[in-house]
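Worth knowing before you read on, the calculation uses all heavy atoms, side chains too, and leaves out hydrogens, waters and symmetry mates.
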2 protein chains.
Amino acid sequence: MTEIKETSTNFANKQALADECPEAYASNIIGGQWTLVICSWLLEGKLRFSELKKNLPNITERMLTLQLRKLEENKIISRTVYAEVPPRVEYELTAIGYELKPIIKALENWGEKHKALLEET
Amino acid sequence: MTEIKETSTNFANKQALADECPEAYASNIIGGQWTLVICSWLLEGKLRFSELKKNLPNITERMLTLQLRKLEENKIISRTVYAEVPPRVEYELTAIGYELKPIIKALENWGEKHKALLEET
DNA sequence: TAATGTACTATATAAAATGTAAGTATGACT
DNA sequence: AGTCATACTTACATTTTATATAGTACATTA
């Protein structure tokens, strides 16, 4: 995250892939390590930064911030700041973000199934 | 790819997440840069290494090999070697791999929609 | 004899993602 | 004056992923 080099081959490849393959495009957006889990929690309703943090036990504040920023940039979630002290910020899925719901559910089912399959020796 | 350090925090986090959240588990498996595109091509039927390479213009042979290996390890694809010269190797989706089809299609639709949304304005 | 095609492997390096640790602003409260 | 809570930010280190380049085996073909 942090910095990406727009002259790298990697960047160019990602662009080209995303242009041609909407599934690769989607994967770039929701493929982060915590992305789907965050969305999955937000499917239940809006949450504050600290609540998200509690639900994702091992995430660092930095990572949470970065992922939320990226999701916000991609309009998957919206961010509302309340001018209070101490500050309060709420995150909520947007319409397009909420449309990930069936995909997330499908991935969950597939994941369970796949895990079972690998475990049966 | 290549080497992963089983003592790193990152590794531990991934494990923990995958244990609790099947969607994160699934994302780990299909979240590689080329993974979904490869699967998407294989949805149409078995393909040889060189055919895959042709369809993924900028991929290096090394990357293709690594991704295929990972997919094979995860039993998403199967690999058949024909004892010929020059060698011939065919890749094909397994049953569980084929079950990704609706997910891939859903991701494609979502991706298109999302792209359109970001472009308007 | 030399070149060809296929599906790789080996090594090096670059880039991206993630993690660690510390610090910031604010107003209320002690 | 000092502590607290929240939601960050910053600088830096490490780990993971991706690319670049070259090389391998071997029967067939030229």
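One atom, CG of Leu64(A), and another, P of dC8(D), lie 8 Å apart when rounded to the nearest Å. The distance from atom CD1 of Ile59(A) to atom P of dA17(C) is 15 Å, rounded to the nearest whole Å. Atom CZ in Arg69(B) sits about 11 Å away from atom P in dA10(C), given to the nearest Å. Distance, Gln15(B) CD to dT18(C) C1': 16 Å, rounded to whole Å. Atom CG in Leu66(A) sits about 9 Å away from atom C1' in dA17(C), given to the nearest Å. Going from atom CD of Glu90(A) over to atom P of dA7(D) covers 9 Å, rounded to whole Å. Atom CG of Asn10(A) and atom P of dT13(C) are 19 Å apart (whole Å). Spacing between atom CE of Met63(B) and atom P of dT13(C) amounts to 17 Å, rounded to whole angstrom units.
A close approach under 4.0 Å does occur between a side-chain nitrogen or oxygen of Lys14(B) and OP1 or OP2 of dT17(D). Between Ser8(A) and the phosphate of dA14(C), there is no side-chain N or O to OP1/OP2 separation shorter than 4.0 Å. The phosphate of dC8(C) (OP1 or OP2) has a side-chain N or O of Arg79(B) nearer than 4.0 angstrom. Checking the phosphate oxygens (OP1, OP2) of dC8(D), no side-chain nitrogen or oxygen of Arg88(A) falls inside 4.0 Å. Contact check, Gln67(B) against dT17(D): no side-chain N or O comes under 4.0 Å of OP1 or OP2. Between Tyr82(B) and dA27(D) there is no side-chain N or O to OP1 or OP2 distance below 4.0 Å.
Ionic pairing of Arg88(B) and Glu90(B) is present here: one or more N-O contacts between side-chain nitrogen and carboxylate oxygen are shorter than 4.0 angstrom.
Nearest approach of Glu23(A) to Leu36(B), heavy atoms of both residues: O-CD1, 3.8 Å. Closest approach of Leu43(A) and Lys101(A) over heavy atoms only: CD2-CB, 3.8 Å. Residue Lys5(B) comes nearest to Phe11(B) through the heavy atom pair O-CB, 3.5 Å, listed as atom of the first residue, atom of the second, then distance. The shortest heavy-atom contact between Ser78(A) and Thr94(A) is N-CG2, 3.9 Å.
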Under 3.5 Å, which N/O atoms of the protein pair with N/O atoms of nucleotides 20-22 of chain D?
| from | atom 1 | to | atom 2 | distance (Å) |
| --- | --- | --- | --- | --- |
| dA20(D) | OP1 | Thr9(A) | OG1 | 2.9 |

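The side chain of Pro86(A) lies closest to dA5(D), out of dA5(D), dC8(C), dA7(C). Checked against dG27(C), dA15(C), dT19(D), the side chain of Trp34(B) finds its nearest nucleotide in dT19(D). Of the candidate nucleotides dA7(C), dT17(D), dT9(D), dA7(C) has the atom nearest to the side chain of Pro87(B).
Taking the ring centre of Tyr91(A) as origin, the terminal cationic atom of Lys46(A) falls outside the region bounded by 6.0 Å and 45° from the ring axis.
Contact annotation for Gln33(A): backbone-only contact, meaning every heavy-atom pair under 4.0 Å involves sugar-phosphate atoms and none involves a base. Contacts of Ser50(B) with the nucleic acid, taken as non-hydrogen atoms under 4.0 Å apart, involve only primed sugar atoms and P, OP1 or OP2.
Where Val85(A) and Phe49(A) meet DNA chain D, the nucleotide closest to each residue was compared, and Val85(A) sits on the side nearer the 5' end.
By the rule that hydrophobic residues join a cluster once side-chain heavy atoms approach within less than 4.5 Å of another member, Tyr82(A) and Val85(A) end up as members of separate clusters.
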Side chain to side chain contact (heavy atoms under 4.5 Å, CB included) between Glu92(A) and Leu42(A), intermediate numbers included: CA-CA 6 Å; Glu92(A) 192 174 6; Leu42(A) 290 177; over 6 Å; no

